[in-house]
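Input: a single structure, listed below in structure tokens.
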Amino acid sequence: MTLFTRPGHTEVLRVGLTGGIASGKSTVSRCLTALGALVVDADAIARQLQEPGEAGYEAIVERFGPDVLERDTRRLDRAALAAVVFEDAARLAELNAIMHPLVRAEAARLAATVPPGGVLVQDIPLLVETGQHTAMDRVLVVEAPEDERVRRMVADRGMSADDARRRIAAQASDAERRAVATTVFDNSGTREDLERQVRRWWEAETA
Ligand SMILES: CC(C)(COP(=O)(O)OP(=O)(O)OC[C@H]1O[C@@H](n2cnc3c(N)ncnc32)[C@H](O)[C@@H]1O)[C@@H](O)C(=O)NCCC(=O)NCCS
Ligand SMILES: Nc1ncnc2c1ncn2[C@@H]1O[C@H](COP(=O)(O)OP(=O)(O)OP(=O)(O)O)[C@@H](O)[C@H]1O
């Protein structure tokens with residue numbers, strides 16, 4: 001995919017993309033990738049760092065013990081770890097303290113590959129919670145009604161409604177994200193509606 005460079009600009013436009021779980025961030029990032037942005041996905045980096053032998057995996061096993069591994073494969077049992085951390089704020093803070101510095105370092109390495117005048121989009125679910133919005137030129141927030149997000153998590157990811165609500169409770173609120181947004185995308189309609197909002201934003205920023 002060729003990266004877009006803004007005519008007449010040499011500086012990189014740094015864009016933070018966030019939203020609550022299952023709000024539609026991946027849909028927005030796919031659209032921005034197709035338009036020519038470099039999208040750096042914090043969830044994908046975190047998962048990669050949790051592969052056996054990687055730094056995140058090693059630190060998690062040391063801190064959380066073998067109960068968070070699948071017995072046969074020795075890979076991280078994501079559901080088991082999620083059950084532990086989304087029930088207990090102190091354990092979630094321990095996991096965040098392990099993962100966030102590692103994710104930031106890898107994200108910075110990838111971000112450095114954007115060309116002058118390019119558009120860098122950092123897709124960070126916890127952008128506001130981790131204070132990283134202050135380093136961005138723009139902050140894009142995707143919103144969808146909470147009940148609809150819970151419905152999507154239950155239907156598409158096999159989560160229980162209680163698990164879905166616990167995960168929402170571990171994140172900032174829509175109001176907290178909205179307070180730092182430069183643009184809010186409304187994903188209460190169709191995917192096409194959402195993509196139309198993204199294209200409109202892109203055209204205004206890159207004209
Ligand atoms: C707890 C884990 C094992 C659950 O894995 P699972 O496959 O179920 O979820 P996945 O990683 O795909 O994340 C899905 C969504 O959950 C939410 N979420 C993930 N981690 C966190 C967290 N620490 N706090 C609040 N919400 C979170 C985000 O909205 C994210 O988009 C995993 O999310 C994890 O290791 N999280 C810690 C690292 C982290 O903070 N990642 C978020 C961005 S850096
Ligand atoms: N407008 C929409 N209408 C119907 N389904 C949608 C819409 N937008 C997104 N979805 C579906 O809802 C789910 C969540 O969307 P998506 O994966 O884009 O959210 P996300 O914010 O990236 O989630 P996560 O926080 O877990 O990374 C997906 O299964 C997606 O296909």
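Counting starts at 1 for both ligands and their atoms, following the listed order. Being a predicted model, the structure only gives us computed values, none of them experimental.
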- Message: Regarding Glu192 and Arg196, does a basic nitrogen lie under 4.0 Å from an acidic carboxylate oxygen?
- Response: no
- Query: Under a 4.0 Å N-O cut-off, is there an ion pair linking Arg165 with Glu146?
  - Reply: yes
- The option among Arg47, Arg167, Arg78 carrying the non-hydrogen atom nearest to atom 9 (O) of ligand 1 is Arg167
- Note on the structure: Closest to atom 43 (C) of ligand 1 by heavy-atom distance, out of Asp123, Asp43, Val103, is Asp43
- Note on the structure: Tested for side-chain contact (heavy atoms from CB on, under 4.5 Å) against Leu120, the lone hit among Thr113, Leu13, Val40 is Val40
- Test Leu127 against every option in Gln122, Arg177, His133 by the side-chain contact (heavy atoms from CB on, under 4.5 Å) rule and name the one that passes. His133
- Note on the structure: Residues with a heavy atom under 4.0 Å from ligand 2, by chain and number, are Gly20, Ile21, Ala22, Ser23, Gly24, Lys25, Ser26, Thr27, Asp43, Arg152, Asp156, Arg157, Asn187, Gly189, Thr190, Arg191
- Task: Verify, without hydrogens or angle tests, whether Gln197 (side chain) and Asp186 (backbone) share a donor-acceptor contact under 3.5 angstrom.
- Result: yes
- Hey, is the main chain of Gly117 close enough, under 3.5 Å, to the side chain of Thr10 for a donor-acceptor pair? no
How far is [atom] from its nearest protein heavy atom, and which residue and atom name does that atom have?
atom	value
atom 17 (C) of ligand 1	Gln171 NE2, 3.3 Å
atom 24 (N) of ligand 1	Leu126 CD1, 3.6 Å
atom 23 (N) of ligand 1	Asn96 OD1, 2.7 Å
atom 15 (C) of ligand 1	Ile21 CD1, 3.5 Å
atom 37 (C) of ligand 1	Leu95 CD2, 3.5 Å
atom 21 (C) of ligand 1	Phe86 CZ, 3.8 Å

- Query: At a 4.0 Å threshold, what atoms of ligand 1 neighbour a non-hydrogen atom of Leu92?
  - Reply: 22 (C), 23 (N)
- Message: Suppose I only count heavy atoms of Leu81 and a 4.0 Å limit; which atoms of ligand 1 are within that range?
- Response: 3 (C)
Minimum heavy-atom separation for [X] to [Y], with atom names?
X	Y	answer
Ala170	Leu92	CB-CD2, 3.8 Å
Leu35	Trp202	O-CZ2, 3.2 Å
Pro115	Leu3	CD-CD1, 3.6 Å
Val141	Ala181	CG2-CB, 3.6 Å
Pro125	Asp43	CG-OD1, 3.5 Å

- Query: Going by heavy atoms, is His100 under 4.0 Å from ligand 1?
  - Reply: yes
- Message: Tell me whether ligand 1 is touched by Gln50 - counting only heavy atoms on the residue side and a distance under 4.0 Å.
- Response: yes
- Answer with yes or no whether the side chains of Ser160 and Asp162 bring together a donor and an acceptor at under 3.5 Å. no
